[in-house]
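The chains referred to below are lettered A, B, ... by the order of the sequence lines, with proteins before strands, and numbering in each begins at 1.
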2 protein chains.
Amino acid sequence: MDQKARLIDIARALNISVTTVSRALNNKLDISKQTKQAVLDLAKELNYQPNTLAISLRKKRTLKLIGVVLPNVDHYFFSTLLQGIMSEAHQNNYLVLVAESSQDATKEREILEEFVSYGVNGVLLAPSRESNYEENLLPLVKQRIPIVLMDRTYADYSSHFVQSDDYNGALEAVNLLIKNGYKRIAHIRGSDHWSIGSERYRGYADALTQNGREILKEYVVSCTLANKEEGFQAATTLFNLPNPPDAVFTVTDNVAAGVIEYCNQFNLFIPEQVGVVGFSNAEISALLSPGLTTVEQKGQDIGKLAFSFFLQSLSDKSKVFQKTFESKLIVRESCGSQLS
Amino acid sequence: MDQKARLIDIARALNISVTTVSRALNNKLDISKQTKQAVLDLAKELNYQPNTLAISLRKKRTLKLIGVVLPNVDHYFFSTLLQGIMSEAHQNNYLVLVAESSQDATKEREILEEFVSYGVNGVLLAPSRESNYEENLLPLVKQRIPIVLMDRTYADYSSHFVQSDDYNGALEAVNLLIKNGYKRIAHIRGSDHWSIGSERYRGYADALTQNGREILKEYVVSCTLANKEEGFQAATTLFNLPNPPDAVFTVTDNVAAGVIEYCNQFNLFIPEQVGVVGFSNAEISALLSPGLTTVEQKGQDIGKLAFSFFLQSLSDKSKVFQKTFESKLIVRESCGSQLS
DNA sequence: ATCAGCTCCGTTAACGATTACGAAAACTTC
DNA sequence: GAAGTTTTCGTAATCGTTAACGGAGCTGAT
């Protein structure tokens with residue numbers, strides 16, 4: 001009784017054919033004003049909602065549906081990324097399937113397969129750390145499903161992507177530390193498999209050499225999960241060196257939070273004794289004490305552009321859309337800029 | 001050539017009927033081993049992918065698809081909520097449509113309609129502030145689509161829900177401040193339209209009266225967005241009163257972050273001069289200095305349970321599933337518990 | 001030889017919408 | 001009033017898949 005209203009329900013009630021009802025609702029020509037009005041009125045009364053499935057099937061046009069795969073949604077950067085995607089998608093009447101790979105390449109592959117079998121029109125992917133082109137992406141490429149990569153890319157595959165300029169961001173961050181007088185700058189970096197790990201390291205290394213400084217192995221500590229705990233641990237290692245650093249550049253803000261906690265705990269004053277710069281401009285960076293100098297990653301903008309690249313790639317199959325957002329330093333207390 | 005293979009293509013190639021092909025692929029009984037094998041082989045060769053639209057249309061429901069509507073995904077609590085939902089959903093082979101209402105009841109309604117016309121099997125909804133039952137939920141209820149509410153509920157509608165115990169959480173938080181010797185406890189509260197705003201205020205008020213204290217109007221400041229800036233502003237108001245408070249309980253951790261920033265900036269020592277307690281146990285609460293005492297909201301658990309309620313409601317149509325998670329205080333430095 | 005009971009498969013009608021085609025009704029025009 | 005034109009509507013096919021039903025063919029028991 002209260003079931004969903006269909007065209008046939010309206011048709012029977014008005015004693016006309018389904019075709020006529022369809023015509024009325026779709027603003028077609030071959031229909032009189034009166035019947036059209038009657039249909040529209042009844043449709044409104046019954047709260048008629050067309051069945052998208054049936055329409056798509058009939059029109060042989062797929063549903064407006066895209067899939068988004070992220071390593072973690074509770075990570076601030078990714079959640080803003082998602083927000084950007086969803087706002088664009090909603091404006092274009094696309095629905096968004098979301099799944100979390102939890103940084104697990106196998107799970108990522110499973111998700112992508114599910115998405116494909118569900119008939120998504122495209123995939124926006126922020127690859128997990130161990131994701132590789134051959135196994136994860138090739139199947140989609142074969143099926144000609146548009147893919148836009150976000151945040152990181154594959155070394156062996158050129159596709160649409162939107163990322164932030166990790167290299168220059170890191171370069172500027174370390175340059176700032178140098179300019180502010182820090183002498184022994186350490187880096188807590190991400191893993192090599194991870195493009196943001198290697199890109200940010202590259203920026204760190206080049207900033208040092210461009211300023212005629214050496215890169216000391218013991219000043220570079222790797223982490224894998226890039227969270228606060230690892231930051232604390234790495235700080236412990238660094239500050240217990242015979243010749244400890246006087247500044248730390250970290251691969252993410254969360255890692256920097258661990259460093260700051262270590263310094264607060266062991267009375268190393270920031271920025272007087274130790275300078276700290278993070279990466280991401282996560283929510284926490286403004287809330288930490290002292291405020292964390294960091295490199296902005298515009299999650300929303302990246303997400304929006306990624307979706308718009310997907311849309312454009314539908315109409316222009318041959319073109320490859322790529323964008324690297326410029327990095328921007330957000331200077332707060334932790335890097336000693338206020339000292340001079 | 002590269003067109004998608006359909007059942008009829010396989011059927012024609014093997015000179016059998018579509019039904020038989022369908023039977024082979026769906027592991028039905030009435031079929032011989034040989035034909036079944038032949039179909040499976042050819043299907044694999046042609047890389048047959050069933051058309052989910054057609055299946056869903058025929059079965060009158062989509063295959064394992066649920067919709068999630070949240071006010072904001074970049075809010076930490078909601079992102080953990082989403083995480084909980086997605087982890088359960090993935091385990092049960094459900095795909096998850098996600099959309100953001102941006103606290104806009106009209107947009108929320110649009111999203112819900114879209115979800116329905118896509119044939120989702122259920123909806124998990126964290127209602128926006130102005131969402132009302134009549135307009136937003138009634139249409140779904142009429143169509144007998146299972147709905148599980150999260151975080152807040154409707155006064156005029158009893159349904160499945162999962163929420164955290166805002167009232168008792170607030171009560172305990174304020175009791176702790178009282179126990180730790182704070183005399184003039186203020187509250188920065190959320191708006192009245194918002195159940196967490198009124199529930200947490202109710203807890204605050206009852207804690208005071210149960211301890212024989214007065215509720216002073218000037219000690220209760222309202223905010224709408226519940227962010228750090230509003231917290232800073234409210235702190236400015238409170239600490240410039242002729243008789244300023246010596247403790248503040250805030251509706252969210254972000255608001256508390258604003259208060260802490262104010263105190264740090266104007267040299268009000270926490271917890272010695274001012275006690276602060278927040279709500280949510282957001283990521284930032286552990287990273288702030290001093291660490292913020294707060295009430296835990298188990299986003300992941302709430303999300304997981306909400307999904308499992310949805311699943312259960314499918315098999316047991318008549319039962320109503322409801323759960324209020326107990327609140328739990330997370331005690332850190334900001335509330336003076338270390339002082340005594 | 002007849003009948004019951006399998007196994008295996010095809011025919012047909014759905015699911016809810018769109019659309020080509022043609023026919024009835026209404027309106028012109030001479 | 002007959003012929004032509006236009007407006008308005010219905011019939012039936014179609015999208016890709018599933019499912020109720022029935023029928024052929026074979027086996028084995030009576």
Side-chain angles (χ1 to χ4, degrees), chain A residues 3-40 42-43 46-65 93 116-121, chain B residues 2-40 42-43 46-65 113-121 143-145:
Chain A
Q3 295 301 334
K4 197 167 190 167
R6 300 159 303 169
L7 286 190
I8 201 173
D9 299 322
I10 302 182
R12 281 207 266 258
L14 297 177
N15 207 21
I16 55 180
S17 80
V18 200
T19 311
T20 309
V21 180
S22 169
R23 269 195 281 255
L25 293 171
N26 291 303
N27 249 331
K28 292 290 171 67
L29 293 176
D30 293 354
I31 194 167
S32 70
K33 277 176 202 147
Q34 308 120 49
T35 33
K36 182 168 174 176
Q37 197 52 52
V39 169
L40 290 180
L42 187 56
L46 296 179
N47 189 29
Y48 170 75
Q49 293 291 128
N51 183 318
T52 329
L53 296 177
I55 296 178
S56 307
L57 177 61
R58 175 63 233 245
K59 292 197 171 169
K60 294 200 78 173
R61 180 202 54 178
T62 25
L63 303 165
K64 290 191 166 191
L65 186 66
N93 285 318
V116 171
S117 88
Y118 223 97
V120 293
N121 298 97
Chain B
D2 256 339
Q3 295 301 332
K4 272 191 181 159
R6 300 160 303 168
L7 287 189
I8 200 173
D9 299 322
I10 301 182
R12 281 207 264 256
L14 297 177
N15 208 23
I16 55 180
S17 81
V18 200
T19 312
T20 309
V21 179
S22 169
R23 269 193 283 254
L25 293 170
N26 290 302
N27 248 331
K28 291 291 170 67
L29 291 176
D30 292 352
I31 193 166
S32 72
K33 278 174 204 147
Q34 307 119 50
T35 30
K36 182 168 174 178
Q37 196 53 51
V39 170
L40 290 180
L42 187 55
L46 296 179
N47 189 28
Y48 170 75
Q49 295 288 127
N51 183 321
T52 33
L53 292 180
I55 298 178
S56 302
L57 177 60
R58 178 63 235 245
K59 294 199 169 165
K60 297 203 74 173
R61 188 99 301 173
T62 50
L63 298 175
K64 300 204 168 189
L65 181 68
E113 277 173 11
E114 267 191 296
F115 279 2
V116 170
S117 86
Y118 262 69
V120 293
N121 291 300
Q143 305 206 20
R144 307 217 175 115
I145 290 170

Mind checking the [atom1]-[atom2] spacing from [X] to [Y]? Nearest 0.5 Å is all I need.
X	Y	atom1	atom2	value
B:Gln37	B:Ile31	CD	CD1	10.5 Å
B:Ile10	B:Tyr48	CD1	OH	6.5 Å
B:Leu57	B:Thr52	CG	OG1	11.5 Å

Check: A:Ser22 side chain to A:Val18 main-chain N or O, any donor-acceptor pair under 3.5 Å?
Finding: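 No, A:Ser22 side chain to A:Val18 backbone: no donor-acceptor pair under 3.5 Å.
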Does any non-hydrogen side-chain atom of [Y] lie less than 4.5 Å from one of [X]?
X	Y	value
B:Arg23	B:Asp30	yes
B:Thr20	B:Leu14	no
A:Ile16	A:Val39	yes
B:Asn27	B:Lys36	yes

Value in whole Å for how far the [atom2] atom of [N] lies from [atom1] of [X]:
X	N	atom1	atom2	value
B:Asn27	D:dA19	CG	P	13 Å
B:Ile55	C:dG16	CD1	P	16 Å
B:Leu53	D:dT17	CG	P	10 Å
B:Leu7	D:dA19	CG	P	12 Å
A:Gln49	C:dG16	CD	P	15 Å

Note to self: Taking only side-chain N and O atoms of B:Tyr48, does any of them lie within less than 4.0 angstrom of OP1 or OP2 on D:dG16?
What the structure shows: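 So the side-chain polar atoms of B:Tyr48 never come under 4.0 Å of the phosphate oxygens OP1 or OP2 of D:dG16.
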Could you write out each protein N or O paired with an N or O of nucleotides 13-15 of chain D at a distance under 3.5 Å?
residue, atom, partner, partner atom, Å
D:dT14, O2, A:Arg58, NE, 3.4
D:dT14, O2, A:Arg58, NH1, 2.7
D:dC15, O2, A:Arg58, N, 3.3

Which atoms of nucleotides 4-11 of chain C (N or O only) lie under 3.5 Å from a protein N or O atom, and what are those distances?
residue, atom, partner, partner atom, Å
C:dC9, OP1, B:Thr35, OG1, 3.4
C:dC9, OP2, B:Ser32, N, 2.9
C:dC9, OP2, B:Ser32, OG, 3.3
C:dC9, OP2, B:Thr35, OG1, 2.9
C:dC9, N4, B:Asp30, OD2, 3.1
C:dG10, OP1, B:Ser17, N, 3.4
C:dG10, OP2, B:Ser17, N, 3.0
C:dG10, OP2, B:Ser17, OG, 2.8
C:dG10, OP2, B:Thr20, OG1, 2.3
C:dG10, N7, B:Arg23, NH2, 2.8
C:dG10, O6, B:Arg23, NH1, 3.1
C:dG10, O6, B:Arg23, NH2, 3.3
C:dT11, O4, B:Thr19, OG1, 3.2

